[in-house]
Amino acid sequence: MGSSQRFLAMSVAPVESIPSLSSDLFYDIFRRLDGATLASAACTCATLCSISKEESLWENVCSSMWPSTNREDVKSLISSVGGFRKFYADCFPIIVNKEVVEYQPNNYLEYPDNWTEAEYYGDKNESENICPSDFVSIIDIRFKGKPVCSKVLWGIPNANSYDGWFYNCPFRIDFLTYADRDDNHDGSVHLSVSDGLPQITSMERERKDGKLWRELREGLQLSWIIVNRKMKQAANLASWSPLGGQRHWPTDRDFVIRFGSVLPAKDILPCQVVECILIMKFRVVQTEEDGVQTTLKLTELSMQLEDMEGAHVNGRNSLLILKDALSSRRSKNYGEVLESCHMYSKVQNELKEEKMRNESRLDRLCILSGIAAFMTFWYCVL
């Protein structure tokens with residue numbers, strides 16, 4: 001039992017005495033609880049259920065979990081799409097996809113050669129009904145539980161350009177390229193020893209023991225919430241904790257950390273599911289050997305969608321996939337989410353291996369055909 005639950009158990013009177021107690025007392029107790037405990041308390045009786053529906057309680061919960069929801073424009077947005085209680089219910093669970101099937105060679109899916117442009121790029125009429133400006137990204141980064149960055153992107157940047165390139169080009173959002181409309185600074189995000197980073201005396205030592213890398217992998221958390229104002233729906237596309245990463249790439253001072261989720265793409269792409277990849281990259285800008293405390297700078301935070309073959313999904317199909325993701329299945333079980341992501345990676349790797357084997361067989365066939373043609377030619381000449 002967590003501290004909030006123990007506090008609730010000690011503070012709440014027996015059920016038969018609840019009606020005689022002041023609702024202000026319960027409100028004061030409830031505003032100290034986290035979302036999960038508050039939801040559990042609402043299931044105990046009608047009185048507590050009624051009190052737990054207070055929007056101000058859920059606003060407090062959301063503010064604690066996602067500091068970006070403290071902004072007045074974001075508060076208005078959340079109120080317009082159903083309120084803080086609904087927002088928490090939509091965005092606290094993580095998207096999980098059970099439609100990632102076991103790989104079978106006979107089920108290998110390819111893009112048909114005879115597809116029309118409309119079939120390849122998606123249903124143009126349907127995608128035109130989805131306005132990029134209706135999407136809002138609410139982004140929060142934490143390190144060891146402490147908020148280090150909160151940003152809001154209104155719309156999908158550059159999606160409404162006059163030449164329509166967005167719809168046919170690979171979909172990608174580079175978070176650091178676009179400042180939200182209220183920012184007047186460069187938006188730099190740094191982590192230092194004061195935030196909980198270990199002191200690094202030299203990069204040579206870090207390459208050997210990997211202490212800084214472990215601290216980043218274990219301490220970083222990312223929330224990337226997508227809200228559609230027209231549909232009045234929201235979903236968290238991040239896995240909250242890292243799914244993987246790579247140290248010392250492309251230089252010995254860079255650390256790449258990957259978050260994401262598996263999104264449904266039924267009737268949109270042949271593979272039926274895609275991966276939403278969220279890349280976070282930090283670079284070491286100072287170490288103890290420089291005479292100052294260890295400091296990291298966030299140099300990249302991006303979102304992109306990839307299909308089973310590792311190809312980037314274009315803008316038109318990405319809008320359709322994001323739309324479907326807002327109503328996809330979610331789970332509070334992080335282990336279940338990890339299992340879904342690992343299954344996707346397994347199937348994707350098997351598809352790549354099968355494709356390489358097919359290409360290898362084709363190469364051998366071409367070589368043998370060339371040898372046979374060469375020998376036939378010389379046989380006819382001689």
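Values in this document were obtained by computation on a predicted structure and should not be read as measured data. The basis for the numbers below is simple: all heavy atoms, side chains too, and nothing from hydrogens, waters or symmetry mates.
- The minimum heavy-atom distance linking Lys144 with Gly196 is given by the pair NZ-O, 2.7 Å.
- Judged by distance alone, with hydrogens and angles left aside, the side-chain atoms of Ser64 form no donor-acceptor pair with the main-chain N or O of Asn60 at under 3.5 Å.
- Arg142 places no side-chain N or O within donor-acceptor distance of the main-chain N or O of Trp240, the cut-off being under 3.5 Å.
- Taking CG from Leu298 and CZ from Phe175, the interatomic distance works out to 7.0 Å, rounded to the nearest 0.5 Å.
- A salt bridge does not link Lys266 to Asp324: none of the charged side-chain nitrogens sits closer than 4.0 Å to a carboxylate oxygen.
- Here Glu300 pairs with Arg172, Lys281 under the salt bridge (Lys or Arg N to Asp or Glu O under 4.0 Å) rule; sequence neighbours left out.
- Shown here for Ser194 and Lys146, the closest heavy-atom pair between the two residues is O-NZ, 4.5 Å.
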Legend entry - Intermediate values then yes/no, side chain to side chain contact (heavy atoms under 4.5 Å, CB included), Leu301 and Leu222: CA-CA 10 Å; Leu301 178 55; Leu222 172 66; 4.1 Å; yes
Inset, instruction - Start with the C-alpha distance between Asn314 and Asn168, add both sets of side-chain angles, then the distance that settles side chain to side chain contact (heavy atoms under 4.5 Å, CB included), and finish with yes or no. - result: CA-CA 5 Å; Asn314 62 45; Asn168 296 329; 5.5 Å; no
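- Shown here are the salt bridge (Lys or Arg N to Asp or Glu O under 4.0 Å) partners of Arg364, two or more places apart in sequence or in another chain: there are none.
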Inset, instruction - Quick one: do Val284 and Leu212 satisfy side chain to side chain contact (heavy atoms under 4.5 Å, CB included)? Show the steps, please. - result: CA-CA 10 Å; Val284 179; Leu212 179 58; 3.9 Å; yes
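- Between the Ser328 side chain and the Ala325 main chain, a donor and an acceptor come within less than 3.5 Å of each other.
- Proximity of Arg207 to Asp252: side-chain heavy atoms (C-beta onward) are separated by under 4.5 Å at one or more points.
- The CG atom of Leu269 lies 6.5 Å from the CG atom of Asp307; values are rounded to the nearest 0.5 Å.
- Qualifying side chain to side chain contact (heavy atoms under 4.5 Å, CB included) partners for Lys297, counting only residues two or more places apart in sequence or in other chains: Ser188, His190, Val285.
- Taking the side chain to side chain donor-acceptor pair (under 3.5 Å) definition, one finds that Ser79 meets it with nothing, sequence neighbours left out.
- Under a 3.5 Å cut-off, the side chain of Arg258 and the backbone N or O of Gln246 do not form any donor-acceptor pair.
- Formation of a donor-acceptor pair under 3.5 Å by the Ser261 side chain with backbone atoms of Leu237 is found in this model.
- To the nearest 0.5 angstrom, Phe84 atom CZ is 6.5 Å from Lys75 atom NZ.
- Counting only heavy atoms from C-beta outward, the side chains of Leu322 and Leu326 never approach each other to under 4.5 Å.
- Not counting sequence neighbours, the partners of Thr251 by the side chain to side chain donor-acceptor pair (under 3.5 Å) test are Asp254.
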Inset, instruction - Assess whether side chain to side chain contact (heavy atoms under 4.5 Å, CB included) is satisfied between Phe171 and Ile321, documenting all intermediate values. - result: CA-CA 11 Å; Phe171 172 83; Ile321 291 169; over 6 Å; no
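- The distance from the CD atom of Gln286 to the CG atom of Leu296 is 10.0 Å, given to the nearest 0.5 Å.
- Applying the ring pair (Phe, Tyr, Trp, His ring centres under 6.0 Å) test to Phe282 and every residue at least two apart in sequence or in another chain returns nothing.
- Criterion: ILVMFWY side-chain heavy atoms under 4.5 Å apart, direct or through other members. Under it, Met203 and Val193 are not part of a common hydrophobic cluster.
- What you find for Ser223 and Trp66 is that their closest heavy atoms are OG-NE1, 3.1 Å.
- Salt bridge annotation for Asp209-Lys211: absent, with no cationic side-chain nitrogen under 4.0 angstrom from a carboxylate oxygen.
- Side chains of Phe87 and Glu59 form no contact here, defined as non-hydrogen atoms less than 4.5 Å apart.
- Atom CD of Gln233 is surrounded by more than 12 heavy atoms from other residues, nucleotides or ligands within 6.0 Å.
- The cluster map of Ile, Leu, Val, Met, Phe, Trp and Tyr, joined by side-chain heavy atoms under 4.5 Å apart, puts Met308 and Met356 in different clusters.
- Summarising the hydrophobic clusters (Ile, Leu, Val, Met, Phe, Trp, Tyr; side-chain heavy atoms under 4.5 Å, direct or chained), the residues clustered with Ile277 are Trp249, Val256, Ile279.
- The ring-ring contact (aromatic ring centres under 6.0 Å, His included) contacts involving residues 34-58 comprise Trp58-Tyr88, where partners must be two or more places apart or lie in separate chains.
- Between His248 and Phe255, the ring-plane angle classifies as tilted under the 30° and 60° cut-offs.
- Looking at heavy atoms from C-beta onward, Arg217 lies out of side-chain contact with Arg247 at the 4.5 angstrom threshold.
- From Asn236, atom CG reaches atom CG of Asp90 across 11.0 Å, with rounding to the nearest 0.5 Å.
- When all heavy atoms of Val189 and Cys149 are compared, the closest pair comes out as CG2-SG, 3.6 Å.
- Within the 3.5 Å criterion, the main-chain N or O of Leu153 finds no donor-acceptor partner in the side chain of Ser137.
- Here the shortest heavy-atom pairing between Thr287 and Thr201 reads OG1-O, 4.5 Å.
- In the displayed structure, Arg205 atom CZ is contacted under 6.0 Å by at most 12 heavy atoms of other residues, nucleotides or ligands.
- Screening residues 326-336 for salt bridge (Lys or Arg N to Asp or Glu O under 4.0 Å) gives Lys98-Glu336, Arg329-Glu336 as the qualifying pairs, with residues at least two apart or on separate chains.
- The side-chain contact (heavy atoms from CB on, under 4.5 Å) with Trp224 is formed by just one residue from the set Ile139, Ile141, Asp140; it is Ile139.
- One distance of note links CD1 of Ile138 with CH2 of Trp154; it measures 7.0 Å at 0.5 Å rounding.
- Remark: His342 engages no residue in a ring pair (Phe, Tyr, Trp, His ring centres under 6.0 Å) (not counting sequence neighbours).
- Leu57 places none of its side-chain heavy atoms less than 4.5 Å from the side chain of Leu33.
- Under the 4.5 Å side-chain criterion, counting only non-hydrogen atoms from C-beta, Arg85 is in contact with Glu55.
- Between the Asp195 side chain and the Ser192 main chain, a donor and an acceptor come within less than 3.5 Å of each other.
- A 4.5 Å side-chain heavy-atom check between Val274 and Ile268 finds every atom pair outside the cut-off.
- Taking Lys230 as the reference, Asp134 meet the salt bridge (Lys or Arg N to Asp or Glu O under 4.0 Å) condition, with sequence neighbours excluded.
- Nearest heavy-atom pair, Ser239 versus Tyr334, reported as atom, atom and distance to 0.1 Å: O-CE1, 2.9 Å.
- In terms of the salt bridge (Lys or Arg N to Asp or Glu O under 4.0 Å) criterion, Lys232 has no residue partners (sequence neighbours excluded).
- Two residues are said to be in side-chain contact when any heavy atoms from C-beta on lie closer than 4.5 Å; Pro132 and Leu319 meet this criterion.
- Counting only distance, with no hydrogens or angles, the side chain of Ser369 and the backbone of Leu365 share a donor-acceptor pair below 3.5 Å.
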Inset, instruction - Just do the side chain to side chain donor-acceptor pair (under 3.5 Å) check on Ser340 and Asn97 with the steps written out, would you? - result: CA-CA 6 Å; Ser340 173; Asn97 200 310; 5.6 Å; no
